[in-house]
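Order of the sequence lines fixes the chain letters, A, B, ..., with proteins taken first and strands second; residue numbering starts at 1 for each chain.
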There are 2 protein chains.
Amino acid sequence: MNEALIYLDPESSLSLQTQIRQRLVDAILKGAFPRGSRLPSSRKLAEQLGVSRNTVILAYEQLIEEDYLESRQRSGIFVNEHIRMNRVGSHETPEIEAATDGLWSRRIRIKTAQKSEFQWPANWQQNPFPFIDGYFDSSLYPTAQWREASRLALGTRLLNEGTVTEGDADDSALIEEIRTKMLPRRGITAAPDEILITIGEQNALYLLTRLLADASVTVAMEEPGNPRMRQLLKQSGSRIIHQPVDEHGMVINSNLDSAGVIYVTPSHQVPTAVTMPNQRREALLKKACHLDQVLIEDDFEHESNYLGQPHPALRGMDKENRVVYVSALPKVLAPGLRIGFIVAAPPLIRAARSLRQQVIGRPSLINQRTAAYFLSLGHYDAFMARLHQEMQLRWHALRDALNHYRPNSIVTIPNQGGTVISVRGPEDIDVDILAREAAKRGILIESDTHYFAHRKSARKCFRMGVTSIPTQRIREGVERLRELMWDLSKVEGVMLAEDDPHLLKGSELKRALSGASIIYRTVYSDPCVLRLLEDGRMQGTAGHANEDRDKGRWWCEGDLWYRQWNRWAYAEASGYHVTLDGQHIRWYNQSGHLVDDAILDRPGEDSWPADK
Amino acid sequence: MNEALIYLDPESSLSLQTQIRQRLVDAILKGAFPRGSRLPSSRKLAEQLGVSRNTVILAYEQLIEEDYLESRQRSGIFVNEHIRMNRVGSHETPEIEAATDGLWSRRIRIKTAQKSEFQWPANWQQNPFPFIDGYFDSSLYPTAQWREASRLALGTRLLNEGTVTEGDADDSALIEEIRTKMLPRRGITAAPDEILITIGEQNALYLLTRLLADASVTVAMEEPGNPRMRQLLKQSGSRIIHQPVDEHGMVINSNLDSAGVIYVTPSHQVPTAVTMPNQRREALLKKACHLDQVLIEDDFEHESNYLGQPHPALRGMDKENRVVYVSALPKVLAPGLRIGFIVAAPPLIRAARSLRQQVIGRPSLINQRTAAYFLSLGHYDAFMARLHQEMQLRWHALRDALNHYRPNSIVTIPNQGGTVISVRGPEDIDVDILAREAAKRGILIESDTHYFAHRKSARKCFRMGVTSIPTQRIREGVERLRELMWDLSKVEGVMLAEDDPHLLKGSELKRALSGASIIYRTVYSDPCVLRLLEDGRMQGTAGHANEDRDKGRWWCEGDLWYRQWNRWAYAEASGYHVTLDGQHIRWYNQSGHLVDDAILDRPGEDSWPADK
């Protein structure tokens with residue numbers, strides 16, 4: 001603080017002493033002079049300001065009296081350690097702030113985004129059950145490897161290349177790594193002049209909407225879809241077509257015909273996480289060629305396919321250079337990492353580079369070179385394989401927990417895996433209320449309402465992600481979420497009626513189940529059959545080709561039916577109340593909550609329908 | 001490459017084999033499959049593509065025949081190591097490229113910057129005399145300290161804070177360092193909600209012009225002034241007032257009255273490097289308050305004041321929160337570092353933060369935290385002091401070299417130091433041609449033409465910076481630049497006429513100089529007097545208070561006048577031809593080039609005019 005500058009206005013009607021006091025109080029209240037910090041000596045400050053030493057001494061004395069400053073013997077004048085908390089840091093009174101707001105709102109010429117953008121709470125890591133997609137728990141970050149890459153990038157070689165300070169060219173090492181290692185896996189071949197590095201995916205989409213969208217252009221995007229892209233398009237003034245999404249992603253039909261630009265997320269649709277099959281991709285490309293449309297393909301989560309064969313990116317199928325491909329390095333590589341890239345035709349890349357120069361200059365070359373080293377040292381491949389494996393574990397854990405605790409709740413089952421599942425909540429609860437209540441219990445889920453341009457009242461769907469929650473927390477999180485739903489919902493918490501005429505008891509229970517099959521579907525829509533053998537053994541098959549099998553045993557105790565699998569349902573023994581109405585079997589847990597229902601088939605009786 | 005994806009079009013009229021060949025050739029030509037890399041086995045590729053193995057084998061064989069691939073016994077199929085260089089990496093033929101350009105220029109909705117933006121050559125470090133301002137030779141970077149800060153920032157603590165992934169808040173540690181350490185030195189007190197981090201200075205100016213300038217707003221800026229700001233203002237569609245600059249920076253007059261926003265660089269005017277005195281700052285602020293104008297104060301080079309007392313920033317004098325302050329961390333802290341910041345009224349900061357979210361998301365928190373550690377560990381202060389010292393040495397070396405080799409060439413002498421000097425070139429040479437010719441000799445100077453909105457034909461001025469050239473190279477660089485000017489210019493290379501009637505010879509020479517004083521001005525406009533005592537001693541005084549003094553000796557040999565200072569003029573003995581026409585003395589070097597001229601005063605003769 002010894003070098004702090006204080007400006008005194010020679011024309012002010014206030015005395016120099018008063019001005020000094022004003023300036024010091026202002027600096028202390030704003031926290032610019034932190035509590036406990038030492039002020040310059042009166043001699044020094046007087047010299048610096050060109051005033052008499054006495055003027056400074058008087059100002060200091062007054063401030064000591066008012067408890068802003070304190071004098072410590074033989075050490076000097078300090079900002080009071082005990083200055084009242086509520087004084088410091090608050091900058092303007094609400095009245096002044098409102099006035100200033102008015103002034104500036106007149107001066108600010110553009111509307112910036114609404115405040116309502118969805119945000120996870122900043123303290124999400126303190127929540128025991130953060131079902132978040134896109135943030136990563138700190139155990140996943142490859143900190144040591146990134147540090148090594150960072151150390152290498154900060155070597156003097158980069159400095160001596162000279163290019164570090166000049167021009168708009170990206171780090172050629174990073175461009176090479178992206179085009180020879182990352183892009184071929186997506187079926188994309190690209191020359192160096194077809195790639196531009198951006199500050200993360202957001203910046204890429206910003207540059208592209210600035211370049212390709214304005215009031216004269218119609219842009220189609222998915223509904224529900226990426227809210228940030230919708231915001232950017234709104235700002236651009238372009239007309240937006242909100243194109244519906246089904247279990248294969250964006251629907252391709254004649255609604256799209258009037259679009260000049262189509263923004264699409266074929267790899268993992270945002271927010272439903274479904275993957276667009278090749279056939280639909282081909283139809284989309286064909287249409288785009290026919291109508292001379294530009295496609296913006298957002299492929300941000302391309303590394304998380306593990307259920308099926310990966311599909312090549314749209315751009316890999318594009319022979320006319322009309323697909324603009326956007327992706328990013330995974331955020332989990334380093335805290336706050338923001339490296340995205342655009343792959344497109346050279347003229348568009350040139351324009352985007354020129355716009356990028358205006359908007360940000362060039363993305364930090366240290367960061368670019370660090371990423372290049374991380375890739376070239378093989379850390380990226382090794383890390384992504386590990387991450388992949390971990391995400392697969394977690395995703396299956398979430399799917400299995402939903403199957404166990406909330407059957408029939410999954411909206412669409414992604415056929416490529418991913419890191420998120422779209423889930424249906426209780427019919428009678430608004431999902432925003434559900435998410436808010438869940439957060440109070442430490443369970444973070446994401447209502448899907450903010451992905452819709454046209455917000456419907458009382459939506460039911462939410463997203464559960466696995467990038468931020470360790471596998472061992474998933475089951476408990478889902479179980480607690482179910483409890484919450486039972487607490488909140490009237491239609492969900494179906495209870496066994498005390499006088500239910502169909503309730504099976506004692507020997508009646510045993511007789512009804514012995515030798516029967518129970519037929520239903522898993523939460524992920526696979527058919528599933530349980531066979532209850534007469535000797536107490538139990539066999540289960542699931543999947544369209546019965547690819548998932550398990551064994552176990554069942555028995556009756558009093559009026560309860562017990563079952564225990566070797567693997568399924570966490571291999572735990574559970575007892576249920578059972579009702580049977582014709583072929584319709586329901587089972588309730590011991591607190592009386594309905595757990596699931598199905599078709600009961602007994603050999604020799606009427607054959608059961610193929611589907612429930 | 002084993003995981004590369006190849007997309008085959010089932011509806012294509014081409015055979016699968018042909019499609020495979022096309023895709024592979026494309027990938028090889030674009031360099032996506034680097035030379036010498038190995039292809040997947042025919043079995044594996046056939047399986048992946050769902051085609052018969054024979055189809056793949058046939059495609060491979062054809063490509064081997066055409067020298068794209070080569071087969072190595074027992075190791076597999078590889079991309080040919082010796083594939084012709086000119087095939088690889090070139091993406092499109094010029095014809096195709098021209099056609100694509102046409103298509104995209106129709107699709108791209110905004111005009112991006114002209115290509116003519118001034119750029120230093122990428123290989124500037126290979127030039128022996130880079131008189132560049134703003135780039136730094138690699139010896140200056142505090143690499144070890146930055147690495148330490150980077151290592152700390154990559155610690156897991158940051159990860160566990162959670163905020164790393166969430167929201168639009170900047171790193172609070174960096175905000176604290178800026179507001180308690182950097183800003184008080186500029187006389188600025190700021191609360192945390194008055195500061196926003198940006199991707200360098202460019203990004204700050206972009207956000208501000210987007211927010212504050214549009215077709216309905218008039219913006220004033222300096223002429224000559226920052227070309228990047230001019231470009232941004234042009235894009236915004238606002239009307240621009242080009243306000244002239246004198247030796248005290250932007251001229252304050254009624255031309256400014258119609259401006260809503262005034263962009264100004266008071267600390268070191270771009271490009272002239274002059275500093276605005278406090279009196280003019282006060283006048284500017286007064287006018288702004290009176291006319292309700294917003295001031296954007298660009299304070300990018302504030303750390304390089306070392307000649308005079310630093311002036312507080314305009315924002316430090318502003319009582320109405322109408323000054324928007326823009327600055328950046330010095331680029332020399334780390335290669336490619338891009339951290340800038342805006343200090344302004346909270347409503348403007350909120351709008352800028354919201355716009356920043358759209359444009360880039362949030363600037364990398366690793367970089368922010370690294371900078372915060374660098375500051376908090378005291379590296380910044382120590383480093384800036386060292387840098388300061390080094391720049392001061394270099395700047396004085398440049399000034400002295402110009403004084404020695406090109407007297408009267410400095411346009412205005414900055415009163416605060418800095419890292420650049422504005423220099424006048426020969427009258428008859430266009431400065432762009434001069435700069436181009438100088439670059440051929442390894443001397444990089446910057447023509448000032450690109451700082452002007454209205455380019456005048458045949459400008460004469462250029463800038464010489466010292467951030468990138470070591471002190472010991474400066475003298476030689478200036479000397480060689482002078483030689484170049486002599487070679488190019490007709491009016492500069494004034495030569496001694498063989499029959500000059502005023503040429504002093506032998507005893508005549510000695511008689512004329514003995515006991516005389518030579519009176520002139522230094523290149524930096526200080527008065528300077530040399531006294532040639534009769535006993536061969538020589539005394540020199542320079543400066544308005546004669547603060548710079550040196551001694552030396554002089555003598556004559558044949559028709560040449562020799563002199564040697566103890567410190568001045570590099571303490572070298574030099575011999576000159578001398579002419580005397582009345583009181584007007586000129587001296588020429590031994591090749592006959594005019595070096596300088598002055599007034600010769602002999603005691604007892606007519607008194608000489610106060611100024612030359």
TODO: Verify whether one side chain among A/N367 and A/R338 offers a donor that lies under 3.5 Å from an acceptor in the other.
DONE: no
- [ ] Sort B/A352 into side chain, backbone, both or neither according to what part of it lies under 4.5 angstrom from a heavy atom of chain A.
- [x] neither
- [ ] Tell me, for B/R353 versus chain A, whether the close heavy atoms (under 4.5 Å) come from the side chain, the backbone, both or neither.
- [x] neither
- [ ] Count the heavy-atom pairs under 4.5 Å between each of B/K286, B/R151, B/R210, B/Q357 and chain A, then report the option with the highest count.
- [x] B/R210
Open item on the list: At a heavy-atom distance under 4.5 Å, which candidate from B/R228, B/K319, B/E176 has the highest pair count against chain A?
Closed with: B/K319
Task: Aromatic ring pairing B/W120/B/Y135, orientation class (parallel under 30°, perpendicular over 60°, tilted between) - done: perpendicular
Open item on the list: With no hydrogens and no angle check, just 3.5 Å: does a side-chain donor-acceptor pair link B/Y206 and B/E201?
Closed with: no
Open item on the list: Is there a side chain to side chain contact (heavy atoms under 4.5 Å, CB included) between A/Q358 and B/L232? Walk through the geometry before answering.
Closed with: CA-CA 7 Å; A/Q358 278 184 43; B/L232 289 171; 3.9 Å; yes
Open item on the list: If I measure from the heavy atoms of chain A, does B/D137 come under 4.5 Å with its side chain, its backbone, both, or neither?
Closed with: neither
TODO: Let me know if B/A190 has heavy atoms under 4.5 Å from chain A in its side chain, its backbone, both or neither.
DONE: backbone
Task: Residue pair A/R109 / B/S216, side-chain donor-acceptor N/O under 3.5 Å - done: yes
- [ ] Measure distances from B/V217 to the heavy atoms of chain A and classify the residue's part below 4.5 Å as side chain, backbone, both or neither.
- [x] side chain
Task: chain A contact via B/K181 - side chain, backbone, both or neither, heavy atoms under 4.5 Å - done: neither
TODO: Please flag which part of B/S150 lies under 4.5 Å from any non-hydrogen atom of chain A: side chain, backbone, both or neither.
DONE: side chain
- [ ] Ignoring hydrogens and angles, tell me if any N or O in the side chain of B/R23 forms a donor-acceptor pair with the backbone of A/G316 under 3.5 Å.
- [x] yes
Task: N-O pairing of A/R369 and A/D171 below 4.0 Å - done: yes
- [ ] Using only heavy-atom distances, determine whether the side chains of A/T189 and B/D26 contain a donor-acceptor pair under 3.5 Å.
- [x] yes
- [ ] Against chain B, label A/L183 side chain, backbone, both or neither, depending on which of its atoms sit under 4.5 Å from a heavy atom there.
- [x] neither
Open item on the list: For B/D292, is there an ion pair with B/R322 - N to carboxylate O distance below 4.0 angstrom?
Closed with: yes
- [ ] Please state whether the side chain, the backbone, both or neither of A/A213 comes within less than 4.5 Å of a heavy atom of chain B.
- [x] backbone
Open item on the list: Between B/R106 and chain A, with a heavy-atom cut-off of 4.5 Å, which part of the residue counts as in contact: side chain, backbone, both or neither?
Closed with: side chain
Open item on the list: Which atoms of B/V359 are under 4.5 Å from chain A, going by heavy atoms: the side chain, the backbone, both sets, or neither?
Closed with: both
